[in-house]
Amino acid sequence: MRVLITGAAGFLGSHLCDRFLADGHQVVGLDNFITGHADNIAHLIGQPRFEFVRHNISTYTYVAGPLDGVLHFASPASPIDYLEHPIPTLKVGALGTHNALGLALHKRARFFLASTSEVYGDPLVHPQPESYWGNVNPVGPRGVYDEAKRFAEAMTMAYHRFHKLDTRVVRIFNTYGPRMRPRDGRVVSNFIVQALAGEPITIYGDGSQTRSFCYVSDEVEGIYRLFMSGDSDPMNIGNPVEYTVRQLAEVVLDLTGARVPIERKPLPVDDPKVRQPDITRARAMLGWEPAVPLRDGVARTIDYFRALGAERLGARG
Ligand code: UDP
């Protein structure tokens, strides 16, 4: 197969490039480096089955040659990133998805949308099955991401129903691991980087809010299987083991051995109180479930950040 992956220099996009290349496929990677980083794909540059194009998918996009798949992973994805880039976030979910769908239709390629557990907002149903419609504030600061992804899902389903395009929609829950940007603001990277830098661990609110953290290799395996053998209905891919933010801080302190204080900060607006995927559908259809426990995944992520060195640990980019 020859596939296009948007957001190829991002955290998930770059791992996905690796996964397709490992199975012998050809990959065209596309990124505009708003939040992606060249280091994530440096090992792929020069490989014969990998091509890279620096381009913004929210503008008109043409890719020469046949494509069997278009996987749309481009978007700022951490809360502070989409607060910093609210309009590019809305555009890549809306215009970028439309361009990627149009390209897939033109090439008769399978289209794969990276959606998010944020479509459930601050959920009133717990854990969240795919049938839950969500509780989203459209005009709050997170609305730029949540509504763009909800629009993207609606647009994808419209192409599926109206144009009979072969489509997939994955709802990705909190994922962590190597190649996260050190200062991207997400909780796992923040806590590890703070611990390694000898800075206080910043807990927002009282730390009783929960998330369910999936290690990147598990997430990418679920995504790959969904692409290859799933159907067009949305699919949750995430780890159902749920932790409070405070418990995560304890795991990071324990595994780094850091002796840093905990600093309380205000809870961001509309921060979901709980989040846990119901993965019944993924288990049944894909025979998939996560294999990496939190402590193992956090230990591997600590190794990655340690190896990055002080200069990149301090940088936002
Ligand atoms: N959080 C925190 N300290 C941090 C960063 C995040 O306590 O330094 C909390 C945040 O308020 C949220 C959870 O951790 O409840 C997960 O935040 P993240 O930004 O990773 O992603 P989200 O799941 O909210 O999209």
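Heavy atoms only: backbone and side chains are in, while hydrogens, waters and symmetry mates are out. Indexing begins at 1, ligand by ligand and atom by atom, following the structure's order. When a residue number appears, it is its place in the shown sequence, counting from 1.
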- line: Residue set satisfying ring pair (Phe, Tyr, Trp, His ring centres under 6.0 Å) with Y224, at least two apart, ordered chain then number -> F20
- prompt: Got the residues with a heavy atom under 4.0 Å of ligand 1, by chain and number?
  reply: P79, E118, R142, N174, G185, R186, V187, N190, F191, T202, I203, Y204, Q209, R211, V245, P268, D271, R275
- prompt: Quick one: which of R110, H160, R161 gives a side-chain hydrogen bond (donor to acceptor under 3.5 Å, both in side chains) with S232?
  reply: H160
message: Whether the side chain of N236 engages the backbone of F173 through a donor-acceptor N/O pair (distance < 3.5 Å, no angle test) should be reported.
response: no
Test item: Y132 side-chain N/O and L124 main-chain N/O as donor-acceptor pair under 3.5 Å: yes
- prompt: Measuring from S115:OG to I172:CD1, what's the distance to the nearest 0.5 Å?
  reply: 8.0 Å
query: For R171, which of E118, E153, E219 qualifies under salt bridge (charged side-chain N to carboxylate O under 4.0 Å, His left out)?
result: E153
